[in-house]
Amino acid sequence: MQLQILDTRTSARARILAVLALIALITGGALAARSDTSAGADARKTRASRPNIVVIQTDDQNLADTYAKFVNRNGRRAAVMPNVLNRIKKPGVSFGRYYVSYPLCCPSRATLLSGRYSHSNGVISNDAPRGGYPSYQIHTINNHNIGTYLQKAGYRTIHIGKFLNNYGGKDDPAETIVPPGWSDWESLATDNSTRDYYGYLLNVNGEIQGPFGDPEYNQTTGKDDPSCVGLACNYSSDQFTQRAVNQIQTSAPGGPFYLQIDYNAPHGDPHPPIGPEPAPRDYNSAASTPLPRPPNFNEANIRDKPSFLKRGATRLPANTIVRLRTQYQKIIESLRGVDDGVGRIINALSASGELQNTYIFFISDNGIFVGQHRLERGKFLPYEEATHMPLMIRGPGIRPRSTSRELTGNMDIAPTISQLARAPADRSYDGRSMVPFWRNTSRLSRRPVLLESFADATDIEPEGGSAAPAARRSARPAHQRIAAPVENFLSVRLGPYKYTEYETGDRELYDLSRDPYELQNIVRNRRYNGVHAFLKRQLNRLEDCRGRACKFETGRLPQPHRPRRR
């Protein structure tokens with residue numbers, strides 16, 4: 001009897017345990033299923049929340065050109081770039097104090113891709129051996145740049161248009177290498193292709209295509225019909241735009257993508273007349289537009305300027321000013337084609353449903369002189385026309401019509417994109433993210449920005465070595481008056497000031513809040529002795545900086561004061 005009771009209890013316990021096990025199994029399965037569903041939803045949410053990023057970069061576009069108006073064929077004034085202003089700036093944020101640290105094509109683009117100053121990334125010229133694509137290949141930037149970081153983080157990375165100087169031979173051989181970090185590559189394949197608007201070659205994912213149009217085009221022949229559409233247009237800006245639109249249509253909605261479009265406009269071409277080649281539909285559309293003459297145009301008094309300008313920069317004669325007007329009109333007309341492309345790219349993002357999840361950056365690699373300070377053309381020097389560039393960004397979380405007065409530079413683009421894409425870098429950035437400064441546009445810091453030039457480009461150590469001190473930045477002789485002289489300099493931008501040291505021994509100091517056209521060099525003004533000494537200390541800290549050492553903030557700037565009378 002006792003045994004029967006025990007058996008009954010054991011059986012009852014077993015049944016209870018079995019039922020509990022079944023309940024646990026069912027519950028566990030349900031929880032697991034719910035967990036899987038939740039995990040899948042979280043993964044999809046994470047993927048959907050990672051934004052697309054589009055960077056649109058022009059070549060040699062001044063800040064003033066972005067906001068310029070032209071006189072159209074009807075005699076009315078109209079905005080040169082209405083799509084940039086109304087569809088990027090208006091719904092986004094504008095950084096009004098954005099600078100390129102080295103005002104030269106290839107070094108500027110290398111800083112954009114690496115987030116590092118030229119002395120830090122090693123690409124310090126347009127030409128080999130210390131510049132251009134050959135230099136890019138032998139430094140760590142080749143395998144550690146915004147393309148590789150985003151691709152590793154799961155982005156589809158796309159490059160269209162101009163890459164770096166000396167990517168490919170002058171005309172031959174065309175470059176078939178696709179640099180690391182790019183999922184889709186549709187880039188100009190020879191060095192001269194970066195200057196031609198027709199007759200260029202493209203490297204499309206390792207295969208050479210082209211020439212696109214007639215390399216012997218001139219003012220009347222060898223151009224597209226004004227009515228051409230899509231890939232039938234050989235004009236480079238239209239071809240790049242169509243390829244960008246096709247990539248957007250292919251990418252959406254297949255996950256986040258990074259798209260960089262590098263137009264070669266408004267860079268001049270070797271075909272007459274002087275200046276860049278406009279799209280056929282825009283040719284002579286700005287023929288009635290006058291040449292702007294800001295206060296520093298054909299500057300009357302340059303006694304305060306560096307010695308190399310005083311020796312060579314005579315007043316611009318009338319025939320030069322006529323030529324400058326033609327050049328400016330072609331710049332304006334070529335930018336209209338870029339602006340059309342901006343509109344088409346935004347339309348494609350909207351049609352694909354991706355616009356609201358896309359950040360769009362609009363920038364220029366450097367500016368160019370068109371008569372300012374008696375300089376007919378060129379860049380190279382640290383004046384505002386060459387270094388102070390447009391930066392406009394629209395995207396999720398950016399307040400429309402907002403403006404930041406924070407001092408920023410092209411070394412800040414890559415860290416900003418890294419933060420937006422949640423794509424960590426495996427090399428230090430010299431720049432920092434701009435996201436906090438558009439979230440709170442009243443936020444300001446005292447981080448200085450370095451401007452620099454390596455004219456000789458033979459005096460910097462390879463990656464991992466020490467950067468070149470100022471004393472070893474070999475200068476070249478001043479060039480003729482018509483172009484900006486190629487001179488080595490170090491410059492610091494901080495607060496309202498820009499302070500520059502040239503290897504020639506010349507010094508310049510400008511208070512841009514009072515003198516935006518840099519007409520009065522106040523470096524010898526004793527009222528600014530304290531300011532001068534303070535800025536020199538910051539310049540010494542920045543000259544060789546890398547990573548964290550570049551991101552320091554200074555104390556308060558000293559105020560100008562009247563010197564004591566003896």
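Predicted model, so just to flag it, every value in this text is computed and none were measured. Side-chain atoms are counted along with the backbone in the values below, which use heavy atoms only and exclude waters and symmetry mates.
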**Prompt:** Hey, do the aromatic rings of Phe163 and Tyr136 have their centres closer than 6.0 Å?
**Reply:** yes

**Item:** Candidate pair Arg156 and Ser251, rule side-chain hydrogen bond (donor to acceptor under 3.5 Å, both in side chains), full reasoning
**Value:** CA-CA 8 Å; Arg156 182 181 178 193; Ser251 299; 2.8 Å; yes

**Prompt:** Just wondering, do Asp225 and Pro280 contact through their side chains at under 4.5 Å, heavy atoms?
**Reply:** no

**Request:** Start with the C-alpha gap between Ser334 and Tyr197, add the side-chain angles, then the distance that decides, and say whether side-chain hydrogen bond (donor to acceptor under 3.5 Å, both in side chains) holds.
**Result:** CA-CA 10 Å; Ser334 71; Tyr197 290 80; 5.1 Å; no

**Item:** Audit row: Glu406, Trp438, side-chain contact (heavy atoms from CB on, under 4.5 Å) steps and yes/no
**Value:** CA-CA 9 Å; Glu406 174 64 9; Trp438 75 54; over 6 Å; no

**Prompt:** Going by atom types only, do Ser183 and Thr157 share a side-chain donor-acceptor pair under 3.5 Å?
**Reply:** yes

**Prompt:** Less than 4.5 Å apart, any side-chain heavy atom of Asn166 and any of Pro134?
**Reply:** yes

**Request:** To the nearest 0.5 angstrom, please state how far the CG atom of Leu349 sits from the CD1 atom of Ile248.
**Result:** 4.0 Å

**Message:** Can you confirm whether Ile413 sits close enough to Tyr98 that some side-chain heavy atom of one is under 4.5 Å from a side-chain heavy atom of the other?
**Reply:** yes

**Prompt:** Just by modelled atom types, is the Asp60 backbone N or O under 3.5 Å from a matching donor or acceptor in the Asp365 side chain?
**Reply:** yes

**Message:** Does Gln239 form a side-chain contact (heavy atoms from CB on, under 4.5 Å) with Tyr200? I'd like the steps, not just the answer.
**Reply:** CA-CA 11 Å; Gln239 181 75 202; Tyr200 53 88; 3.3 Å; yes

**Message:** Whether the Asn264 and Ser236 side chains hold a donor-acceptor pair (N or O, under 3.5 Å, no angle test) is what I'd like checked.
**Reply:** yes

**Prompt:** According to the interplanar angle, ranging from 0 to 90°, do the rings of Tyr133 and Tyr167 count as parallel (below 30°), tilted (30 to 60°) or perpendicular (above 60°)?
**Reply:** perpendicular

**Pairs satisfying salt bridge (charged side-chain N to carboxylate O under 4.0 Å, His left out), at least one member in residues 79-97, at least two apart** = none

**Prompt:** If every non-hydrogen atom of Asn357 is compared with every non-hydrogen atom of Pro396, which pair is closest and at what distance?
**Reply:** CA-CG, 4.0 Å

Acceptor/donor pairs from residues 381-390 side chains to any protein atom, 3.5 angstrom cut, sequence neighbours excluded:
unit_1	atom_1	unit_2	atom_2	d
Tyr383	OH	Glu508	OE1	3.3
Tyr383	OH	Glu508	OE2	2.8
Glu384	OE1	Tyr99	OH	3.0
Glu384	OE1	His388	ND1	2.9
Glu384	OE2	Tyr99	OH	2.9
Glu384	OE2	Lys498	NZ	2.8
Glu385	OE2	Asn296	ND2	2.8
Thr387	OG1	Pro382	O	3.3
Thr387	OG1	Tyr383	O	3.1
His388	NE2	Gly96	O	2.8

**Neighbour count above 12 (heavy atom, 6.0 Å) for Gln209 CD** = yes

**Prompt:** Between Asp430 and Met411, which heavy-atom pair has the shortest distance, and what is it?
**Reply:** C-CG, 4.5 Å

**Asked** Closest approach of Pro180 and Asn143, non-hydrogen atoms and distance?
**Response** CG-OD1, 3.3 Å

**Request:** Evaluate the criterion side-chain contact (heavy atoms from CB on, under 4.5 Å) for residue pair Leu201 and Leu188; output intermediate values, then yes/no.
**Result:** CA-CA 6 Å; Leu201 299 176; Leu188 293 167; over 6 Å; no

**Message:** Quick check: do Ile332 and Tyr328 have side-chain heavy atoms less than 4.5 Å from each other?
**Reply:** yes

**Item:** Matching residue for Asp59 among Lys379, Arg109, Arg195 - test: salt bridge (charged side-chain N to carboxylate O under 4.0 Å, His left out)
**Value:** Arg109

**Request:** Step by step, work out the side-chain hydrogen bond (donor to acceptor under 3.5 Å, both in side chains) result for Glu277 and His271.
**Result:** CA-CA 8 Å; Glu277 179 71 23; His271 303 264; over 6 Å; no

**Request:** Check whether the side chains of Thr221 and Asn218 place a donor and an acceptor atom closer than 3.5 Å, and report yes or no.
**Result:** yes

**Message:** Given Asp282, which partner from the list Arg336, Arg73, Lys330, Lys223 fulfils the salt bridge (charged side-chain N to carboxylate O under 4.0 Å, His left out) test?
**Reply:** Arg336

**Item:** Working for side-chain hydrogen bond (donor to acceptor under 3.5 Å, both in side chains), residues Asn121 and His139
**Value:** CA-CA 7 Å; Asn121 68 48; His139 289 88; over 6 Å; no

**Request:** Take Cys233 and Gln242 through the test side-chain contact (heavy atoms from CB on, under 4.5 Å) and record every step on the way to the result.
**Result:** CA-CA 9 Å; Cys233 299; Gln242 186 59 51; over 6 Å; no

